[in-house]
Amino acid sequence: MRWSRFYLFTTREVPKDAEVTSHQLMVRAGMIRRVAAGIYSYLPLGWRSLSKLMAIVRRELDVAGCVELTMPAIQPAELWQESGRWEQYGKELLRMEDRHGREFCFGPTHEEVITEIVRKDVTSYRQLPVNLYQIQVKFRDEVRPRFGLMRGREFLMKDAYSFHATPESLEEAYAALGKAYERIFRACGLDFIKVEADSGAIGGSASHEFMVVADTGESLVLRCAGCDYAANQEKAGTSGLAKSPAEDSAADDLAEGVRLEETPGKTTVEEVAAFLGVAPQRIVKTIIYRTEAGPVAVLVRGDREVNAIKLKNLLDVQELELADEALVEAVSGAPVGFAGPIGLEGVRIVADRSVEGVTNFTCGANRADAHWVGANFGKDVHLDEFHDLMLVADGDRCPNCDQNLVISHGIEVGHIFKLGTKYSEPMGCNYLDDRGQSHPMLMGCYGLGIGRTVAAAIEQNHDDKGIIWPLPLAPFEALVVPLNMNDQEVVQAAGKIYEELVEKRVDVLFDDRQERPGVKFNDADLIGIPIRLVVGSKSLANGEVEVSLRRDGEKQLVPLANAVEAMLDAILAESPA
RNA sequence: CGGGGUGUGGCGCAGCCUGGUAGCGCACCUGCUUUGGGAGCAGGGGGUCCCGAGUUCAAAUCUCGGCACCCCGACCA
């Protein structure tokens with residue numbers, strides 16, 4: 001491709017709304033353009049990288065036994081009503097009406113449509129398993145889109161759905177897709193980890209996420225220092241909390257009985273702890289939630305936070321949100337800040353394990369400006385069981401091996417779920433077994449963010465001058481740069497090399513622009529083509545050209561006659577095994 | 001949803017406080033020079049100052065309303 005005929009315009013200025021590197025570089029390199037909040041055009045250079053990734057995805061999924069199709073982006077409300085998600089899915093679902101007033105949504109995911117397809121075609125266990133995928137434009141109306149393609153509202157996603165007669169068959173597909181993902185992300189040059197995840201809104205029994213560890217990531221993952229345990233924060237469990245000096249030194253006085261202390265205006269754990277001179281670890285805080293099944297009070301250790309996902313799973317409710325002031329007052333009889341388990345009635349109380357064994361603790365008195373001190377379970381508060389309802393933090397202990405967990409940020413690039421019969425059952429996607437009995441199919445679903453993966457690759461592969469593409473994702477494999485367009489010998493020599501590379505079907509960009517060398521070098525660094533060949537007047541006078549890798553920038557002088565060969569060798573060397 | 005901010009040529013911004021009909025850098029066009037890390041000189045083109053209403057002799061500037069976008073926060077009692 002000749003640059004002069006390609007559509008590629010770079011910019012020196014950093015767009016002011018771009019906060020993260022991948023976003024800045026993609027805009028500056030002329031890969032994407034923002035059209036509205038969280039909505040982008042993929043310009044030719046960007047589209048080439050996305051296409052490269054899509055080709056890799058298709059190749060690996062085909063190997064894993066998946067079959068491609070394409071479903072509509074716009075979906076009728078009826079299907080979503082059938083699965084129950086029309087009501088469950090919140091404001092992220094972009095809903096619309098057609099001219100007849102019929103309701104539709106712009107699909108954020110396609111479980112309903114695929115289930116509708118399969119239930120019509122597949123009726124026998126003999127036809128199973130099936131595994132279908134598409135690469136589609138999705139839309140999720142995020143509250144706050146940001147970071148360019150990392151968290152857009154409209155985005156490209158590969159989503160696969162598998163259907164099975166037996167758990168073993170589902171397990172097989174789940175494992176095959178997991179392996180395919182690992183191959184895909186490795187090909188992208190990504191440093192990633194696979195973590196256990198909660199199956200969340202999509203529901204189901206098991207789930208893993210593929211995370212690219214990066215400070216700009218919006219997810220939190222916990223990894224064990226001692227074994228291979230890794231989970232996202234929503235899912236992560238622990239065998240014990242991080243030790244804190246305060247906890248160790250907290251002398252367990254003999255219970256003298258619970259007593260009331262005035263705590264005027266002290267509404268937070270921090271304030272109460274400071275005011276009464278107790279460690280936050282010895283405060284039991286009471287958080288009140290609103291659910292469709294009524295209010296719920298959660299007890300958690302003062303220095304810790306409730307994990308809403310775990311709580312939602314335990315309670316088995318659809319809606320869960322922190323109670324507002326009015327509800328807190330109605331439930332606890334006190335303003336926000338003074339709720340406590342003692343004498344709390346008319347509300348379900350659940351407790352996190354973090355408070356189990358805490359003795360002589362402090363808690364709200366359900367009365368304005370007062371806390372109980374020296375309270376104890378079994379005496380002042382009666383609870384039958386403690387559950388895992390806490391957000392695991394850095395330094396907590398691994399549930400498998402007791403070593404310390406380490407927290408880090410991650411970019412979620414892939415997510416695989418075992419769905420079970422969550423959709424097949426309500427939607428009647430059934431098959432007949434070998435005895436003629438009808439059963440709902442077992443399903444799996446497998447998502448992979450196309451744009452986000454490319455963005456993550458840039459986050460991990462760049463320097464202060466620009467992108468450093470791993471070869472498989474590079475929009476072009478090679479760049480040929482004639483330095484002086486007025487020097488006919490230079491132009492001819494470079495043009496000949498370019499033509500020969502095209503002959504060899506190398507993905508090559510020829511910078512035939514009438515620009516000064518500095519501009520060409522800087523643009524080359526910015527767009528990050530992995531292998532570069534420079535033809536300049538001086539070296540050409542010695543019959544030589546210069547080959548270098550964007551990765552290390554080391555220049556190698558090569559005789560003109562060997563230029564094409566040197567480029568082909570470099571491409572081979574840069575290709576993943 | 002709450003708070004803050006921004007909206008002026010393709011991009012980045014100044015001008016607004018203290019009203020007098022718009023300016024800078026980059027980019028763009030023409031010419032000459034220049035050509036191994038974002039060239040120099042000269043000349044030139046381009047703006048409904050987000051939209052609407054109001055105040056005024058006069059509004060980018062003041063007032064009110066709207067829209068769009070950006071950032072921060074979203075309550076752990």
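As the structure is a computational prediction, the values presented were derived from the model and not from experiment. First the proteins, then the strands, lettered A, B, ... as listed; each starts at 1.
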Who pairs with G43(B) - Watson-Crick or G-U, where each distance is under 3.5 Å: C29(B)
Around atom CZ of R95(A), are there more than 12 heavy atoms of other residues, nucleotides or ligands at under 6.0 Å? yes
Listed pairs, N/O of protein and of nucleotides 70-73 of chain B, under 3.5 Å:
residue	atom	partner	partner atom	Å
C71(B)	OP1	E19(A)	OE2	2.8
C72(B)	OP2	R144(A)	NH1	2.8
C72(B)	OP2	R144(A)	NH2	2.2
C72(B)	OP2	R146(A)	NH1	3.4

If we call it a pair only when both distances are under 3.5 Å in a Watson-Crick or G-U wobble match, what pairs with U48(B)? none
Rounded distance in Å - CZ (F338(A)) to P (C76(B)): 14 Å
Residue set satisfying side chain to side chain contact (heavy atoms under 4.5 Å, CB included) with E574(A), at least two apart, ordered chain then number -> L471(A), I531(A), L549(A), R551(A)
When you compare C71(B) with U55(B), how far apart are their P atoms, in angstrom units rounded to a whole number? 38 Å
Measuring only the P atom in each nucleotide, how far is C75(B) from G7(B)? A whole number of Å is fine. 31 Å
From CD1 of I39(A) across to P of A68(B) the rounded distance in Å is 12 Å
To the nearest Å, how far apart are Q514(A) CD and U33(B) P? 14 Å
With K555(A), which residues qualify under side chain to side chain contact (heavy atoms under 4.5 Å, CB included), at least two apart? E546(A), S548(A)
Round to the nearest Å and state the distance from M485(A) atom CE to G36(B) atom C1'. 15 Å
Nearest heavy-atom pair of L222(A) and D394(A): which atoms, and what distance? CD2-N, 4.3 Å
Whole-angstrom distance between G43(B) and G5(B), as gauged at atom C1': 40 Å
For RNA chain B, whose closest nucleotide is more 5', that of R532(A) or that of G302(A)? R532(A)
W372(A) (side chain) donor-acceptor with V258(A) (main chain) under 3.5 angstrom: no
Looking only at the side chain of T10(A) (C-beta and beyond, no hydrogens), which of the listed nucleotides G38(B), G36(B), C76(B) gets closest? G38(B)
Can you check nucleotides 23-30 of chain B for protein contacts, nitrogen or oxygen pairs under 3.5 Å, and list what you find?
residue	atom	partner	partner atom	Å
G25(B)	N2	E13(A)	OE2	3.4

State whether R516(A) places a side-chain N or O below 4.0 Å from either non-bridging phosphate oxygen (OP1 or OP2) of A39(B). yes
How far, in whole Å, is C16(B) from U8(B) if one measures between their C1' atoms? 11 Å
Could you let me know what G38(B) is paired to, Watson-Crick or G-U wobble, both distances under 3.5 Å, or none if it's on its own? none
Taken in chain and number order and not counting sequence neighbours, the residues that satisfy ring pair (Phe, Tyr, Trp, His ring centres under 6.0 Å) with Y498(A) are F510(A)
Between N522(A) (CG) and A39(B) (C1'), how many Å, whole number? 13 Å
The criterion is side-chain hydrogen bond (donor to acceptor under 3.5 Å, both in side chains); which residues satisfy it with R304(A), sequence neighbours excluded? D396(A)
Distance between the C1' atoms of A53(B) and G45(B), in whole angstroms? 35 Å
Any donor-acceptor pair under 3.5 Å between the side chain of D525(A) and the base of G37(B)? yes
Going by modelled atom types, is there a donor-acceptor pair between the base of G36(B) and the side chain of S539(A) at under 3.5 Å? yes
Suppose we screen for salt bridge (charged side-chain N to carboxylate O under 4.0 Å, His left out). Which residues come up paired with E515(A), at least two apart in sequence or across chains? none
Can you tell me the pairing partner of C57(B) across any strand shown, Watson-Crick or G-U wobble, with both distances under 3.5 angstrom? G20(B)
Could you list all the salt bridge (Lys or Arg N to Asp or Glu O under 4.0 Å) pairs where at least one residue sits in residues 10-20 of chain A, not counting sequence neighbours? D17(A)-R34(A)
side-chain hydrogen bond (donor to acceptor under 3.5 Å, both in side chains) involving E142(A) - partner list, sequence neighbours excluded: R151(A)
Just compare U34(B), G38(B), G37(B) and give me whichever is closest to any side-chain atom of R28(A). G38(B)
Return the nucleotide paired to C1(B): Watson-Crick means purine N1 to pyrimidine N3 with N6-O4 or O6-N4, wobble means G-U with N1-O2 and O6-N3, both under 3.5 Å. G73(B)
P-based separation of U6(B) from G15(B) [nearest Å]: 11 Å
C1' atom, U21(B) versus U61(B): distance in rounded Å? 11 Å
Got a second to check how far L479(A)'s CG is from R550(A)'s CZ, nearest 0.5 Å? 11.5 Å
Euclidean distance, atom CD of residue E142(A) to atom P of A74(B) [Å, nearest integer]: 17 Å
Rounded distance in Å between the C1' positions of C62(B) and C49(B): 16 Å
Spacing between R290(A) atom CZ and C75(B) atom P, to the nearest angstrom: 15 Å
Within 45° of the ring axis of F155(A) and under 6.0 Å from its six-membered ring centre, is that where the NZ or CZ of R452(A) lies? no
Summary of ring pair (Phe, Tyr, Trp, His ring centres under 6.0 Å) pairs that have at least one residue in residues 257-276 of chain A, sequence neighbours excluded: none
Pairing nucleotide - U6(B), Watson-Crick or G-U, each distance under 3.5 Å: A68(B)
Looking across every strand, which nucleic acid part, if any, lies under 4.0 Å from D487(A) by heavy atom: base, sugar-phosphate, or nothing? nothing
Set of residues satisfying side-chain hydrogen bond (donor to acceptor under 3.5 Å, both in side chains) with respect to S537(A), sequence neighbours excluded: D487(A)
Residue-level proximity of residues 262-270 of chain A to RNA chain B when a heavy atom falls under 4.0 Å: T267(A), T268(A), V269(A)
L526(A) has an atom CG; how far is it from atom C1' of G37(B), in whole Å? 14 Å
